[in-house]
Amino acid sequence: MKAVRFGEYGGIDVLRVEEVERPEPGPGQVLVEVRAAGIQPGEAHIRTGALHERWPATFPSGQGSDLAGVVARTGPHVRGLAVGDEVLGFTHRRASHAEFVVVDDVNLTPRPDGLSWDVAGSLYVAGTTAYATVFAVDPGPGDTVVVSGAAGGVGSLAVQLARRRGATVIGLASRRNHAWLEERGVVPVEYGDGVAERIREASGGTVDAFIDTFGDGYVDLAVELGVPPKRINTISDWGAAARVGARTDGEGAAACAVVLGELARLAARGDLHVPIHRVYPLEQVRDAFRELERRHAHGKIVLHP
């Protein structure tokens, strides 16, 4: 089968699509033929070695967590899954950017009717991270919450989940994404110089919670705006979080098929819109990450094996 591999830390040029042996499922595992697999900023940081202390790579390394596809084979003692079932899920083995991947049965959930392969295959990391960030700051009716990177893969879902809890949501995004935010009941504010004053004006002077999906000083901005540290959550700026006492809940705080299944059902019903920025064939994985690393994508970038 074909799979993405890299043999050393480095830039996009270290990525290769190679022929490798197709894995066999063990007890409690299934082999999934992958139809779609999302890519993540964290995968780029792992590849460069920037996260070596936290998540070291073992070479040669694969990559990829998100996946959606069809069960091709089952191992012994698999529960509730059969060959031909359409599923979405995740792997922690850095392996989903491939034509086939072995997945633990507990990490899969059925693909609901009406859910596209692209959304299904890119929902896990962004969806569970957004779910965790919203849960961490606990917005509700009467609260105003600011979300940085509000049109990105995580931010675009976090703003919708916060709105579902009744909060007033201010989304920081470029002007070209403001109409999309407004359609979902989010107050758009352009990022960049003067953003603190624009937030104060949009919020009436009070911000109760802040979700940072981007980094680059937003934790300090939240403190400047008077948000209590326990209601600031960042998935990017761990140093600032440690310094001010903010939270860092992300994917790991909601990493289960139960949460993923709930998000998939919301998306299938049209109650959660998951924007797909662009789809690339697996062979163009370098181009996909090149676009991701520009940090201007609206929603998810997806690979098709």
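The structure displayed is predicted, hence computed values, not measured ones.
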**Student:** Show the nearest heavy-atom pair for residues Gly64 and Ser96, with the distance to one decimal.
**Tutor:** C-OG, 2.9 Å
**Student:** Main chain of Ala264, side chain of Arg269: is a donor-acceptor contact present, judged purely on distance under 3.5 Å?
**Tutor:** no
**Student:** Could you tell me if the side chain of Val134 sits less than 4.5 Å from the side chain of Pro139, heavy atoms only?
**Tutor:** yes
**Student:** Do Val125 and Glu43 come within less than 4.5 Å of each other through their side chains, counting heavy atoms only?
**Tutor:** no
**Student:** How close do His77 and Pro27 get, heavy atom to heavy atom, and via which atoms?
**Tutor:** CD2-CB, 4.0 Å
**Student:** Determine the minimum heavy-atom distance between Val137 and Ala209, stating which atoms define it.
**Tutor:** CB-CB, 3.9 Å
**Student:** When you group the ILVMFWY residues by side-chain heavy-atom contacts below 4.5 Å and let the links chain together, are Val30 and Val70 in the same group?
**Tutor:** no
**Student:** What I'd like to find out is whether the side chain of Pro23 reaches to under 4.5 Å of the side chain of Met1, using heavy atoms alone.
**Tutor:** yes
**Student:** Any carboxylate oxygen within less than 4.0 angstrom of a Lys/Arg side-chain nitrogen, looking at Arg165 and Asp143?
**Tutor:** no
**Student:** Kindly determine whether Arg163 and Val186 satisfy side chain to side chain contact (heavy atoms under 4.5 Å, CB included), including the steps that lead there.
**Tutor:** CA-CA 8 Å; Arg163 284 290 296 135; Val186 178; 4.1 Å; yes
**Student:** Hey, is the main chain of Arg79 close enough, under 3.5 Å, to the side chain of Asp105 for a donor-acceptor pair?
**Tutor:** yes
**Student:** I want to check a possible cation-pi pair here: Arg54 against Trp238, using under 6.0 Å from ring centre and within 45° of the ring axis as the test.
**Tutor:** yes
**Student:** Is there a side-chain contact between Leu266 and Arg164, using heavy atoms and a 4.5 Å cut-off?
**Tutor:** yes
**Student:** Please work out which of the three classes, parallel, tilted or perpendicular, describes the rings of Phe135 and Tyr131, given edges at 30° and 60°.
**Tutor:** parallel
**Student:** Roughly how far, to the nearest 0.5 Å, is the CG atom of Leu263 from the CZ atom of Arg265?
**Tutor:** 9.0 Å
**Student:** So, Glu18 and Arg5, do they make that salt bridge, N to O below 4.0 Å?
**Tutor:** no
**Student:** If hydrophobic clusters are built by linking Ile, Leu, Val, Met, Phe, Trp and Tyr wherever their side-chain heavy atoms come under 4.5 Å apart, do Val101 and Leu81 end up in the same one?
**Tutor:** yes
**Student:** Between the main-chain N or O of Pro188 and the side-chain N or O of His178, is there a donor-acceptor pair closer than 3.5 Å?
**Tutor:** no
**Student:** Is the number of heavy atoms from other residues, nucleotides or ligands within 6.0 Å of CG (Asp113) greater than 12?
**Tutor:** no
**Student:** Salt bridge (Lys or Arg N to Asp or Glu O under 4.0 Å) for Glu24 and Arg73? Distances and angles first, verdict last.
**Tutor:** CA-CA 8 Å; Glu24 292 292 331; Arg73 190 173 300 174; 2.7 Å; yes
**Student:** Would you mind telling me which of Arg278, Lys300, His304 makes a side-chain hydrogen bond (donor to acceptor under 3.5 Å, both in side chains) with Asp118?
**Tutor:** His304
**Student:** Can any side-chain N or O of His97 pair as donor or acceptor with the backbone N or O of Ala37 at less than 3.5 Å?
**Tutor:** no
**Student:** So do Leu88 and Leu260 actually touch side chain to side chain, heavy atoms under 4.5 Å?
**Tutor:** yes
**Student:** So, do Asp249 and Thr133 sit near enough that their side-chain heavy atoms are less than 4.5 Å apart?
**Tutor:** no
**Student:** With a 3.5 Å distance limit and no angle check, can you tell me whether Arg286 reaches the backbone of Leu15 through a side-chain donor-acceptor pair?
**Tutor:** yes
**Student:** I'd like to know if the side chain of Gln40 pairs up with that of Asp66 as donor and acceptor (distance under 3.5 Å, no hydrogens or angles considered).
**Tutor:** yes
**Student:** What's the spacing between Leu108 CG and Leu67 CG if we round to 0.5 Å?
**Tutor:** 6.5 Å
**Student:** According to a hydrophobic-cluster definition based on side-chain heavy atoms being under 4.5 Å apart (Ile, Leu, Val, Met, Phe, Trp, Tyr only), do Leu161 and Val159 belong together?
**Tutor:** yes
**Student:** How far apart are the C-alpha atoms of Val195 and Glu190, what are their side-chain angles, what is the distance that settles it, and do they pass the side chain to side chain contact (heavy atoms under 4.5 Å, CB included) test?
**Tutor:** CA-CA 7 Å; Val195 67; Glu190 192 164 13; over 6 Å; no
**Student:** Salt bridge or not between Arg243 and Asp220? Use side-chain N to carboxylate O under 4.0 Å.
**Tutor:** yes
**Student:** Using 30° and 60° as the class limits, which term best fits the ring planes of His273 and Trp180: parallel, tilted or perpendicular?
**Tutor:** tilted
**Student:** Under the 3.5 angstrom rule, does the side chain of Glu262 hit a backbone N or O of Val259 as a donor-acceptor pair?
**Tutor:** no
**Student:** Validate the cation-pi geometry between Arg16 and Phe6: distance from NZ or CZ to the six-membered ring centre under 6.0 Å, angle to the ring axis within 45°.
**Tutor:** no
**Student:** What heavy-atom pair brings Thr248 and Ala241 nearest, and what distance separates the two atoms?
**Tutor:** CG2-CB, 3.5 Å
**Student:** For the pair Thr129 (side chain) and Ala126 (backbone), establish whether a donor and an acceptor sit closer than 3.5 Å, ignoring hydrogens and angles.
**Tutor:** no
**Student:** Working to the nearest 0.5 Å, report the span between CZ of Phe289 and CG of Asp287.
**Tutor:** 12.0 Å
**Student:** Decide side chain to side chain contact (heavy atoms under 4.5 Å, CB included) for Ile211 and Thr213; before the verdict, give the C-alpha distance in whole Å, the side-chain angles of both, and the deciding distance to 0.1 Å.
**Tutor:** CA-CA 6 Å; Ile211 295 171; Thr213 75; 4.0 Å; yes
**Student:** Under a 4.5 Å cut-off applied to non-hydrogen side-chain atoms, are Val78 and Gln29 in contact?
**Tutor:** no
**Student:** Quiz question: by atom type and distance under 3.5 Å, do the side chains of Ser148 and Asp212 form a donor-acceptor pair?
**Tutor:** yes
**Student:** Under a 3.5 Å threshold, yes or no: a donor from one side chain and an acceptor from the other, between Glu291 and His277?
**Tutor:** yes
**Student:** Checking Asp208 side chain against Val145 main chain: does a donor-acceptor pair fall under 3.5 Å?
**Tutor:** no
**Student:** Taking Val87 as the starting point, is it possible to reach Leu123 by hopping between hydrophobic residues whose side chains are less than 4.5 Å apart?
**Tutor:** no
**Student:** Counting only heavy atoms from other residues, nucleotides and ligands, does the tally under 6.0 Å from CZ of Arg184 exceed 12?
**Tutor:** yes
**Student:** Is there a donor-acceptor pair under 3.5 Å between the side chain of Arg247 and the backbone N or O of Ile232?
**Tutor:** no
**Student:** Salt bridge check: are Arg93 and Asp104 linked by an N-O gap of less than 4.0 Å?
**Tutor:** yes
**Student:** For the CG atom of Leu221 and the OH atom of Tyr191, what is their distance to the nearest 0.5 Å?
**Tutor:** 14.5 Å
**Student:** Does Arg22 pair with Glu99 as a salt bridge, N-O distance under 4.0 Å?
**Tutor:** no
**Student:** Val83 vs Asp85, test: side chain to side chain contact (heavy atoms under 4.5 Å, CB included). Steps then yes/no.
**Tutor:** CA-CA 6 Å; Val83 172; Asp85 285 352; over 6 Å; no
**Student:** Which pair of heavy atoms, one from Val119 and one from Ala267, lies closest together, and at what distance?
**Tutor:** CG1-CB, 4.3 Å
**Student:** Can you measure from CG (Leu172) to OH (Tyr218) and round to the nearest 0.5 angstrom?
**Tutor:** 5.0 Å
**Student:** Return the SG to CG distance between Cys256 and Asn107, rounded to the nearest 0.5 Å.
**Tutor:** 9.5 Å
**Student:** Check for me, please, whether Leu225 and Val169 land in the same ILVMFWY cluster - side-chain distances under 4.5 Å, paths through other members count.
**Tutor:** no
**Student:** I'd like to know if the side chain of Arg111 reaches the main chain of Leu115, judged simply by a donor and an acceptor atom lying under 3.5 Å from each other, with no hydrogens or angles considered.
**Tutor:** yes
**Student:** Under 4.0 Å between a side-chain nitrogen and a carboxylate oxygen: does that hold for Glu224 and Arg200?
**Tutor:** yes
**Student:** Do Ile39 and Val302 touch side chain to side chain, with heavy atoms closer than 4.5 Å?
**Tutor:** no
**Student:** So, Tyr9 and His52: side-chain donor and acceptor under 3.5 Å apart, yes or no?
**Tutor:** yes
**Student:** Please check if the number of heavy atoms outside Glu53 that lie under 6.0 Å from its CD is greater than 12.
**Tutor:** no
**Student:** If we count only N and O atoms by modelled type, under 3.5 Å, do the side chains of Asn177 and Ser174 hold a donor and an acceptor together?
**Tutor:** yes
